[in-house]
Amino acid sequence: MFDKVLIANRGEIALRIHRACREMGIQTVAVHSTADSDAMHVRLADESVCIGPPPARDSYLNIPAILSAATIAGVDAIHPGYGFLSENARFAEAAEAHGFTFIGPSPEHIRMMGDKIVAKQTAKDLGLPLVPGSPGPVDSVEEVISLGEQIGWPVLIKAVAGGGGRGMKVVYTADGASEAFSLARNEAKAAFSNDSVYLEKYLPRPRHIEIQVLGDGKGEGVHLGERDCSLQRRHQKVLEEAPSPALNSEQRARIGELAAVAVRKLKYRGAGTMEFLFQDGEFYFIEMNTRLQVEHPITEAVTGIDLVREQIRIAAGGPLGFTQKDILISGHAIECRINAEHPETFVPCPGKVTDYHPPGGLGVRVDSGLYAGYVMPPYYDSMVAKLIVSGATRNECLMRLRRSLEEFVIGGIDTTIPLQQRIIRQQEFIDGNYDIHWLEKLVGLKK
Ligand code: MV4
């Protein structure tokens with residue numbers, strides 16, 4: 001087992017990783033930019049190393065700086081968290097080349113799933129259901145039109161190097177193909193320095209269902225149930241829940257088993273998430289994330305499994321701590337992401353947190369690096385806290401969520417707490433009756 005781990009991240013996930021390490025008797029090394037010198041994870045870590053000025057490209061994305069910190073501190077392994085370098089195969093390779101264990105999948109699997117065409121082809125070979133579409137990249141408007149006629153309009157043009165929705169363009173008829181094709185390629189080029197695009201049948205009102213998986217890298221693998229992540233705005237998730245109110249036990253078992261079999265065949269190592277669209281009782285694989293996700297705590301709540309601890313144990317060469325039959329999904333959990341943004345205009349609002357009082361009580365968890373007096377820097381993601389409530393039933397969670405949001409005090413900055421309170425009052429949300437477009441209809445798309 002590792003003696004010392006470098007946490008190559010910041011904010012609430014850095015704190016989360018520190019906590020798992022602490023409980024395992026592993027020393028922690030925090031890295032931080034000059035803007036994060038007073039951050040909670042820096043205060044709690046056994047050691048800390050400043051890796052650069054505030055811009056992420058000069059600090060949290062600065063591979064030489066992070067590896068130098070790892071060398072100076074004499075760590076055994078590096079945990080990348082999510083975002084930043086967590087899905088950067090080059091970083092994983094460089095860490096391993098410098099003698100550090102990268103706590104995550106192999107660079108080969110990171111690279112494989114980063115290319116959406118290779119990911120889909122791999123998923124197909126592993127027996128996962130796909131959205132009908134182009135077998136590979138599409139290189140001309142004519143190809144878009146012929147495929148559109150073949151699989152039926154509307155179709156969706158997506159970036160091969162993409163993910164997270166950037167560069168996507170819906171094409172409703174052949175007339176719209178030319179403009180959509182060039183717009184999608186230009187956006188893909190700008191966002192990913194790769195203008196390659198592919199085509200899929202457009203699903204108009206799907207839910208976003210993701211399956212948490214764990215593999216030991218040697219052929220053992222399990223699924224830990226699903227998360228419903230349909231409540232999102234501009235491709236930013238706002239609220240997630242487990243299990244999904246839209247799945248019945250047959251559908252849940254079907255997709256879970258398909259994901260677990262795929263992980264075993266792949267000999268996947270570590271934690272991963274298989275993303276599906278779900279519409280009219282059918283699942284469609286869209287991509288796989290080779291990292292821990294923001295919303296992992298709701299899976300922890302309904303399975304009782306510490307996912308960060310499992311990541312660390314697997315990276316250290318340990319076996320999975322359980323087989324599929326040991327994993328029981330019980331109860332329900334809902335996570336609200338709290339952002340330092342105006343709850344209606346979504347304008348970011350960094351600044352000094354003058355008061356901080358998180359909710360508590362049975363079934364209430366708050367993952368946050370905030371404290372009274374903390375100055376939230378303007379350089380990074382606006383998420384400042386995650387409120388996770390769990391209980392025996394979804395209704396118990398709704399009551400607990402309403403009470404917890406009332407109790408939550410974050411003074412001095414705007415937050416999206418009022419937005420969350422508005423969401424959970426909506427009858428369609430209470431009924432679990434929402435798809436990926438529901439929230440944008442409620443709050444509008446404009447910033
Ligand atoms: C789709 C889709 C509809 N049909 N693919 C968005 C980001 C990336 N994860 C894939 N995404 C989508 N792919 C087909 N064939 C709709 C979306 C989509 C979406 C998916 C999940 C959660 C939120 C979303 C918001 C807009 C579009």
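For ligands, and for the atoms within them, numbers begin at 1 and follow the listed sequence.
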Checklist line | Heteroatom distance test (Y202, ligand 1): nitrogen or oxygen, under 3.5 angstrom | finding: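 Among all N and O atoms of Y202, none is under 3.5 Å from an N or O of ligand 1.
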Item checked: Geometric N/O contact E200 with ligand 1, under 3.5 angstrom ->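 N/O-N/O distance below 3.5 Å exists for this pair.
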Among protein heavy atoms, which lies nearest [atom], and at what distance?
{"atom": "atom 22 (C) of ligand 1", "result": "H208 ND1, 3.4 Å"}
{"atom": "atom 26 (C) of ligand 1", "result": "H235 CE1, 3.3 Å"}
{"atom": "atom 16 (C) of ligand 1", "result": "I436 CD1, 3.8 Å"}
{"atom": "atom 7 (C) of ligand 1", "result": "G165 N, 3.2 Å"}
{"atom": "atom 8 (C) of ligand 1", "result": "E287 OE1, 3.5 Å"}
{"atom": "atom 25 (C) of ligand 1", "result": "Q232 NE2, 3.3 Å"}

At less than 4.0 angstrom from any non-hydrogen atom of [X], what atoms of ligand 1 do you find?
{"X": "K158", "result": "1 (C), 5 (N), 10 (C), 13 (N)"}
{"X": "V131", "result": "15 (N)"}
{"X": "E275", "result": "9 (N)"}
{"X": "K201", "result": "4 (N), 14 (C), 15 (N)"}

Notebook entry, point to check: Rounded to the nearest 0.5 Å, how far does CD of Q421 lie from OG1 of T416?
Noted result: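 Going from the OG1 atom of T416 to the CD atom of Q421 covers 10.0 Å.
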Notebook entry, point to check: Going by an N to O cut-off under 4.0 Å, is there a salt bridge joining E310 and R313?
Noted result: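 R313 and E310: salt-bridged.
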Item checked: NZ/NE/NH1/NH2 to OD/OE distance under 4.0 Å, E300 and R16 -> yes
Check: Which is closest to atom 1 (C) of ligand 1 by heavy-atom distance: L277, L203, I157?
Finding: L277
Checklist line | Minimum-distance pair of heavy atoms, taken over all atoms of L128 and F285 | finding: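 Heavy-atom minimum between the residues: CD1-CD1, 3.9 Å.
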Notebook entry, point to check: What residue among K158, M274, K116 forms side chain to side chain contact (heavy atoms under 4.5 Å, CB included) with I286?
Noted result: K158
Check: Does Y380 have its ring centroid less than 6.0 Å away from the ring centroid of Y60?
Finding: yes
Next item on the list: Keeping the roles fixed (side chain from Q212, backbone from G272), state whether a donor-acceptor pair exists under 3.5 Å.
Entry: yes
May I have the list of side-chain donor-acceptor pairs in residues 160-181 shorter than 3.5 Å, sequence neighbours left out?
residue: K169; atom: NZ; partner: E187; partner atom: OE2; Å: 2.8
residue: T173; atom: OG1; partner: D175; partner atom: N; Å: 3.3

Checklist line | Heavy-atom gap M168 to ligand 1 smaller than 4.0 Å | finding: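 Right, M168 reaches ligand 1.
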Next item on the list: Only counting residues at least two apart or in another chain, list the ones meeting salt bridge (charged side-chain N to carboxylate O under 4.0 Å, His left out) with R111.
Entry: E93
